[in-house]
Amino acid sequence: MAPALLLIPAALASFILAFGTGVEFVRFTSLRPLLGGIPEPRGPDARQGWLAAVQDRSILVPLAWDLGLLLLFVGQHSLMATDTVKAWMSRYFGVLQRSLYVACTALALQVYYHVLGLGEPLALKSPRALRLFSHLRHPVCVELLTVLWVVPTLGTDRLLLALLLTLYLGLAHGLDQQDLRYLRAQLQRKLHLLSRPQEGEAE
């Protein structure tokens, strides 16, 4: 019973992190003028601004592209998540059904990158970031190791899986001093951004 209780703080921390991420997303997309110190226009001037915007082709065309890209992403997710499509994919692709779903999601995101002229996602990364990625597995693998090891008991098959995957992830972990300097610089940059007052906020 005691080892199981140790999972409660981890689960609570995960919930707080996920909830905080959701709140930050809502703040960024919907409440930025309110919480970020940027005043929202009100009155007749605001109404005239909206009327001018919906008649301006230079604004409507990008909005139409944004709407199309959003509908592509939402449509792909919703359509492929229906029971009918999942049953059809399972019948013809078997265990690859989920992999096909992920591949189609990646394809939808590639269309987004192509329309915006962004190219390959990794092409936007700095050489130092690409060098770091070549020296370690994806950071999400830490979550996988946590799920595998932080349990009250380990069966033989689960122990074998945990050992082999830990070895697999550990062998690819070859960070050096240059990588550590880059990680330290990124951490300092993020801490600086978090500590900087927002626009309109008193220092």
Side-chain angles (χ1 to χ4, degrees), residues 4 7-8 10-30 59-127 129-175:
L7 296 177
I8 295 178
L12 182 60
S14 177
F15 169 77
I16 293 174
L17 178 62
F19 183 79
T21 302
V23 170
E24 175 61 20
F25 177 75
V26 172
R27 186 196 72 82
F28 176 77
T29 56
S30 303
I59 294 178
L60 292 179
V61 171
L63 283 178
W65 277 107
D66 289 344
L67 178 62
L69 291 171
L70 182 61
L71 290 177
L72 172 65
F73 182 79
V74 171
Q76 177 264 323
H77 268 65
S78 300
L79 179 65
M80 297 188 72
T82 61
D83 292 336
T84 303
V85 174
K86 286 196 293 188
W88 179 85
M89 291 175 61
S90 297
R91 183 165 61 250
Y92 288 99
F93 297 97
V95 294
L96 296 178
Q97 177 260 336
R98 187 66 184 177
S99 298
L100 183 61
Y101 176 85
V102 174
C104 290
T105 301
L107 181 60
L109 292 176
Q110 284 294 328
V111 171
Y112 169 79
Y113 271 78
H114 176 73
V115 169
L116 295 185
L118 298 178
E120 291 293 328
L122 286 179
L124 303 175
K125 300 294 184 181
S126 69
L130 294 175
R131 185 179 188 277
L132 173 69
F133 294 159
S134 69
H135 291 170
L136 77 166
R137 303 291 184 197
H138 196 286
V140 76
C141 293
V142 175
E143 298 178 13
L144 173 62
L145 291 183
T146 303
V147 170
L148 288 174
W149 286 106
V150 185
V151 290
T153 57
L154 276 171
T156 306
D157 54 347
R158 188 184 180 101
L159 177 61
L160 178 63
L161 177 65
L163 285 173
L164 288 179
L165 289 183
T166 301
L167 182 63
Y168 166 73
L169 297 175
L171 288 177
H173 195 81
L175 300 182

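None of these values were measured; they are calculated from a predicted model.
Here the shortest heavy-atom pairing between Gln97 and Ser90 reads CG-OG, 3.8 Å.
Residues Leu159 and Leu163 form a side-chain contact, since some pair of their non-hydrogen atoms from C-beta on lies under 4.5 Å apart. Side-chain contact between Gln76 and Leu107 is absent, with no heavy atoms from C-beta onward closer than 4.5 Å. Two residues are said to be in side-chain contact when any heavy atoms from C-beta on lie closer than 4.5 Å; Trp149 and Leu154 meet this criterion. Proximity of Leu145 to Val150: side-chain heavy atoms (C-beta onward) are nowhere separated by under 4.5 Å.
To the nearest 0.5 Å, atoms OH (Tyr101) and CE (Met89) are separated by 9.5 Å. Interatomic distance, Thr156 OG1 to Leu161 CG, rounded to the nearest 0.5 Å: 12.5 Å. Rounding to the nearest 0.5 angstrom, the gap separating the CZ atom in Phe73 from the SG atom in Cys104 is 12.5 Å. Atom CE of Met80 is separated from atom CG of Leu100 by 4.5 Å, given to the nearest 0.5 angstrom. Between the CG atom of Leu109 and the NE2 atom of His114 there is a distance of 14.5 Å, given to the nearest 0.5 Å. Between atom CZ of residue Phe93 and atom CZ of residue Arg98 there is a gap of 15.0 Å, rounded to the nearest 0.5 Å.
A side-chain contact (heavy atoms from CB on, under 4.5 Å) with Leu67 holds for exactly one of Leu71, Leu69, Leu63; it is Leu71.
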